[in-house]
Protein chains: 2
Amino acid sequence: MEFKEAKNKFVQTWGALGSQWGINKTMAQIHALLMVSNEAVSMEDIMEELQISRGNASMNLRALMDWGIVYKEYKAGERKEFFTAEKDLDELAVKISRERSKREIKPALKILKEVSTIEAKDSAEEKHFVDQTSKLYDFVLKADNMLDKMTEFNENWLGRLVMKIMK
Amino acid sequence: MEFKEAKNKFVQTWGALGSQWGINKTMAQIHALLMVSNEAVSMEDIMEELQISRGNASMNLRALMDWGIVYKEYKAGERKEFFTAEKDLDELAVKISRERSKREIKPALKILKEVSTIEAKDSAEEKHFVDQTSKLYDFVLKADNMLDKMTEFNENWLGRLVMKIMK
DNA sequence: AATAACTTTCAATTATTTTTGAAAGTTTAA
DNA sequence: TTAAACTTTCAAAAATAATTGAAAGTTATT
C-alpha cells in the first residue's frame, strides 16, 4: 500500500468510527487528517483533501476547537489560518472524555439522581424502579470518575503493576 | 415527582444518551423501560408505553437481543412473548463493551495495523504518518483491553485500593 | 478609506437514519 | 386444516442530521 492510499484509508476509517460513536463524520475526518499531518494545514487544503465545502470545514473546525483538540496557528507572512491537532494521545483521551462527561454524562446523572429519589410507595413496581435507578446512578458515577482517572492510572506505576497482574 | 413522571423522564433521558453514543433512540428507550420494569413486558405494552409502531418495536427488540442485553420470556398459558433486560449493571457493561469492541474497535484496529505498517519513504511526512498511526494502534489496543477488564478491575480489591489512593 | 484576502453564518438543499404499517410469515389451538 | 394470535419483514414515508454556497462579516494591506 502506498502512502496516499494509506492516508485516505485512515481518514475514512477514523471518520466511520467517529460516526458510530456520536461524532459527525466530517469532524472525525478533519481530526484524522490533522493528526497524521506533520505540519499545520490550511482550511483550503482540508477542503481539497476531504472534498468538502468551505462552510462545512469552518463549522467542524470550530467544533474541534471547542472540544480543545484542534488548535489554530498563524504562519509568519501568511494571511490565512492553519490548523493542527492535539497529537498526544493521552491528552486527547483526557480532553474527549472530559468534554463528553461535561456535555452528556453529567446532565444524565442529574436526571438519574432526580428520578431515583422519588418517594416509592409500597408497590413492588415503584420499589424496583427506585432500586434500579439508584444502582444505575452509582454505576454511571463510578464509570464517569474512572474515565477521568484512566490516563492518570495508565501512567501510574502501581496501575501498571495491577494491569500486569490482571494479564 | 410522581412515579409515572419519573419513569418517563428516565426513559427519555436514557434514550437521548443512547443516541449521543451511536445507539438508536428507540433501542435505548426500550432497554430503559425494561430495565426498570420488575416483570417481563409484552411487545404490545412496549408499543403502548413508548408510542411506537409494531415494526419498530420488533426490530429494536431483535437488535437488543442480538446485543445479548434483552431476553425473551414465555409465560405459561400466554401465547405472546415477553421481554426482560439484563439488570446486572456489570454484566450489562461487559456485554456492551464486548459487542462494540467486536463490531467497531476490532475492525478499526485491523485497518490501523495495515496503514501503520506501510513502508515509509524518507520523507518527514510519511515518517510522521507511520509514527502517529502506530502510536494510535497501540493506544486503541490498550484502551480496548482495558475496557474489557474494567468490571473485573472494579471488583478487584487491589483495584479498589488504587482507586482510593487516586482519590 | 477602499480593496483584497480571508472566515463565518445560516437558510435551503441533500443525504442519512429511523419509523411506519400492511402484507407475509409463523406458531398454536380447535 | 383452518383460523386465530401472534411476529417479522421491508418498501415507502417521515424525521433528523449534515452539507452547501453565497452573502455578510472580519482583518490586514495599500
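Reminder, nothing fancy here: chain letters follow the sequence lines and each chain counts from 1. Predicted model only: the values in this text are computed from it and were never measured.
In this model, the phosphate group of D:dT19 is approached by a side-chain N or O of A:T26 to a distance below 4.0 Å at OP1 or OP2. For D:dT8, one of the phosphate oxygens OP1 or OP2 lies less than 4.0 angstrom from a side-chain nitrogen or oxygen of B:K72.
Atom CZ of A:F82 and atom C1' of C:dT7 are 14 Å apart (whole Å). Between the P atom of D:dA28 and the OH atom of A:Y74 lies a distance of 9 Å, rounded to the nearest Å. D:dA14 atom P lies 17 Å from atom NZ of B:K25, rounded to whole Å. Going from atom CD of B:Q20 over to atom P of C:dT17 covers 17 Å, rounded to whole Å. In this structure, B:M59 atom CE and C:dG21 atom P are separated by 14 Å, rounded to whole Å. Atoms CD (A:E81) and C1' (C:dT8) sit 10 Å apart, rounded to a whole Å. With rounding to whole Å, A:K80 atom NZ is found 18 Å from C:dA4 atom P. Rounded to whole Å, atom C1' of C:dT8 lies 12 Å from atom CG of A:L61.
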*Kindly indicate, with the supporting measurements, whether the criterion salt bridge (Lys or Arg N to Asp or Glu O under 4.0 Å) is fulfilled by A:R103 and A:E99.*
CA-CA 6 Å; A:R103 296 179 195 210; A:E99 205 64 20; 2.8 Å; yes
*Stepwise, does the salt bridge (Lys or Arg N to Asp or Glu O under 4.0 Å) test hold for A:E5 with A:K9?*
CA-CA 6 Å; A:E5 188 191 346; A:K9 205 165 185 176; 5.3 Å; no
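A residue-by-residue look at A:M43 and B:N24 shows that A:M43 has its nearest nucleotide of DNA chain C further toward the 5' end. Take the nearest nucleotide of DNA chain D for B:R62 and for A:M27: the residue whose nucleotide is more 5' is B:R62.
Within residues 44-58 of chain A, the residues that have a heavy atom under 4.0 Å from DNA chain C are, in order of number, A:R54, A:G55, A:S58.
The backbone N or O of A:F129 sits less than 3.5 Å from a side-chain atom of A:T133, completing a donor-acceptor pair. Under the 3.5 Å distance criterion, the side-chain polar atoms of B:E81 are left unmatched by any main-chain donor or acceptor of B:K72. A distance-only check finds no donor-acceptor pair linking the side chain of A:E78 to the backbone of A:K80 [under 3.5 Å].
Tested against B:D131 for a side chain to side chain donor-acceptor pair (under 3.5 Å), the candidates B:H128, B:K135, B:K127 yield a single pass: B:K135. When A:L64, A:N56, A:V70 are each tested for a side chain to side chain contact (heavy atoms under 4.5 Å, CB included) with A:M27, only one passes: A:L64.
Of the candidates C:dA5, C:dT9, C:dT8, C:dA5 carries the atom nearest the A:R79 side chain, counting heavy atoms from C-beta on.
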